[in-house]
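In each ligand, atom 1 is the first atom listed, and ligand 1 is the first ligand listed.
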Amino acid sequence: MSNEKSSDLERQLESMLEIEKFEPPVSFREQALWSDPEVYEQAAADPEAWWLGQARELLDWDTEPSQALDDSNPPFYKWFADGRLNASANCLDRHVEAGRGERVAYHWRGEEGEQRDITYAELHAEVQRFANALKDLGVEKGDVVGIYLPMIPEVAVSMLACARIGAIHNVVFGGFSAESVRERMEFSEAKALVTVDGARRKGKTAPIKPAVDEQMDELASLETIVVVRHTGIDCPMREGRDVFYDEVVDAAEPECPAEPMEAEHPLFILYTSGSTAKPKGILHTTGGYMTGVTATHRYVFDLKPESDVYWCAADVGWVTGHSYIVYGPLANGATSVMWEGAPDHPHQGIWWELIQDYKATILYAAPTAIRTFIKWGAEIPEKFDLSSLRLLGTVGEPINPKAWLWYHEVIGGERCPIVDTWWQTETGAIMITPLPGITATKPGSATTPFPGVQASVVGESDGQPIETGQGLLVLERPWPSMLRGLYKEDDRFIETYFSRFGTERYLVGDAARVDADGYLWVIGRIDDVVNVSGHRLSTAEVESAIVAHEKVAEAAVIGQSDEDTGQAICAFVTLRGGTEHSDELVEDIRAVVGERIGKFARPKRIIWSDDLPKTRSGKIMRRLLRDIAEGRALGDVTTLRDPEVMAELESKIAEEADKES
Ligand code: WTA
């Protein structure tokens with residue numbers, strides 16, 4: 001079938017599905033924590049009071065907050081500002097004190113099949129020791145600690161140890177290159193970094209520490225590197241700076257009381273991509289963030305901590321991991337699965353084997369993973385017993401209805417509600433989502449805002465709310481887990497989120513559609529951010545990596561629709577005069593991007609172009625590049641400085657297509 005025909009069919013299917021709703025199964029609704037739609041009205045009647053109620057009910061405070069929102073200096077909002085609490089005490093101590101210490105916090109499964117069940121009591125003990133070790137190493141409240149680790153229990157321990165003493169963690173996803181780590185440590189002036197000797201992936205072990213060393217040597221602020229011995233691979237250590245995790249933990253005192261923090265004390269920074277090459281340091285604080293993640297984790301996943309086994313198959317290095325592998329689940333006393341490895345190692349059924357082994361009841365995953373499983377075939381999950389599952393979730397990108405239905409049928413056995421959760425690094429917690437015991441779902445729609453959250457779709461130019469139709473997604477009022485700023489970049493914070501429609505409205509950066517039932521359908525980014533397999537990347541970041549190659553004169557990067565990864569990186573590259581293009585050069589350029597950013601950012605497609613379409617003022621018109629890469633009719637070309645450029649590019653693409661067929 002031609003591409004055009006299949007996408008026609010998909011559109012037809014989509015419009016049919018828009019009509020079909022999936023009601024929560026009666027048996028699910030009867031058992032659900034929330035099954036009465038009244039919760040929406042209660043929250044809407046007085047959102048601030050409602051959130052204050054959630055904060056008090058779901059968390060343990062050393063000093064209870066008396067006030068919800070402080071909006072005296074917009075858009076620098078504060079929540080629960082006179083309250084005091086400690087995030088790690090909320091995740092650990094209160095469960096141990098209540099006699100739940102023997103409950104498993106993480107069923108950890110290593111790449112090579114190793115199994116470790118870590119109880120709340122064990123996690124509590126390890127966190128206290130590592131918190132003391134950090135103190136012994138000179139880390140104090142307010143210092144920034146970088147964390148660059150694979151999916152091993154020590155990543156959660158490190159985050160919680162920081163939270164315990166008021167240090168601000170700055171986790172960098174393990175798939176980023178050491179150079180990206182350096183950049184993030186430099187911007188945040190990190191004092192210490194927790195990393196690993198090596199990382200394992202699909203049966204292979206790669207050294208990590210030598211690359212880290214090469215990058216960190218020039219960093220003046222960085223006083224200590226703590227190295228987790230994970231793979232046993234040879235690991236250079238620098239006297240006076242580097243220490244082994246196990247040694248400092250063994251040497252540390254076992255007790256470290258959690259220090260009460262002001263609700264607005266920074267909990268972490270997490271760098272994410274924006275419109276420019278420089279990543280944004282999203283800053284989250286303690287009380288509001290913990291309220292948002294604990295409430296959403298509990299009610300969106302209908303979490304029953306005594307009986308559920310919950311698995312969020314993300315990486316801790318992304319916000320999903322922060323909120324829904326570490327803070328939300330632990331605050332709720334959940335038992336989680338943590339998997340170190342890839343979805344196809346040692347075999348393509350490993351996820352389903354883990355669900356079967358641990359009798360997982362809730363699975364939270366990205367659409368890109370689901371599409372991969374569809375490609376591998378339903379016969380793989382069908383070999384395993386998935387009957388323990390009762391709820392499924394998705395996050396990170398729009399899910400196409402076909403994938404939604406497959407997830408529903410093949411994985412969920414048609415009995416599990418699906419929560420399609422829309423949110424961002426900036427929002428800290430889930431914002432738009434079904435409530436599984438209340439909301440009738442429509443495949444592909446994240447449905448409606450969580451109670452206490454208000455979203456609108458507004459006109460691009462006038463900012464007027466649109467009743468039905470397409471526009472820009474905005475969040476109408478402050479919410480507890482919202483970002484408090486961009487680390488040390490106040491102007492950029494205001495400019496990015498609060499300049500277009502004022503300080504009362506948060507500009508999301510996504511386009512969305514609202515249908516006649518008021519359901520929201522998120523379409524995708526409006527800025528130059530590309531979403532590859534749920535990984536957020538800025539086109540400018542990739543461009544600046546490509547032009548670092550000595551033979552490249554100029555590059556323009558776009559996100560192109562991709563069946564597997566949602567979007568894929570496509571780069572238009574102009575070489576320096578006299579350079580011949582070659583397959584080798586393609587690999588060279590991909591390698592440079594891998595080194596500078598990370599392997600996941602390498603362009604899937606490189607198109608050589610002698611020139612790029614630019615406006616008279618010299619701006620690259622990415623819209624035209626997207627049209628041409630996806631084989632669409634070209635939009636308006638009259639503003640181009642040199643319209644000929646497009647004709648040339650079109651013939652290049654036709655050549656490429658000829659070569660392929
Ligand atoms: C996209 C990930 C459609 C969106 C938690 C957003 C989604 C960006 C969904 C944030 C969803 C996330 N449906 N699109 N359910 N969830 N997105 O910061 O474009 O890595 O702005 O946070 O992912 O990505 P981030």
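Just one residue in the list Thr372, Ile399, Asp420, Thr565 forms a side chain to side chain contact (heavy atoms under 4.5 Å, CB included) with Pro367, and that residue is Ile399.
For His265, there are no ring pair (Phe, Tyr, Trp, His ring centres under 6.0 Å) partners two or more places apart in sequence or in a different chain.
The pair Glu183-Lys278 does not count as a salt bridge, with every side-chain nitrogen at least 4.0 angstrom from each carboxylate oxygen.
Pairs engaging residues 444-481 under the ring pair (Phe, Tyr, Trp, His ring centres under 6.0 Å) rule: Trp34-Phe450, Trp479-Tyr506 [sequence neighbours left out].
For Thr361 and Asp308, the side-chain atoms include at least one donor-acceptor pair closer than 3.5 Å.
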Return a table of donor-acceptor pairs under 3.5 angstrom between the side chains of residues 594-601 and protein atoms on other chains or two or more places apart.
none

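A heavy-atom cutoff of 4.0 Å around ligand 1 is satisfied by the protein residues Val319, Thr320, Val395, Gly396, Glu397, Pro398, Asp420, Thr421, Trp422, Trp423, Gln424, Thr425, Asp510, Val522, Arg525, Asn531, Arg536.
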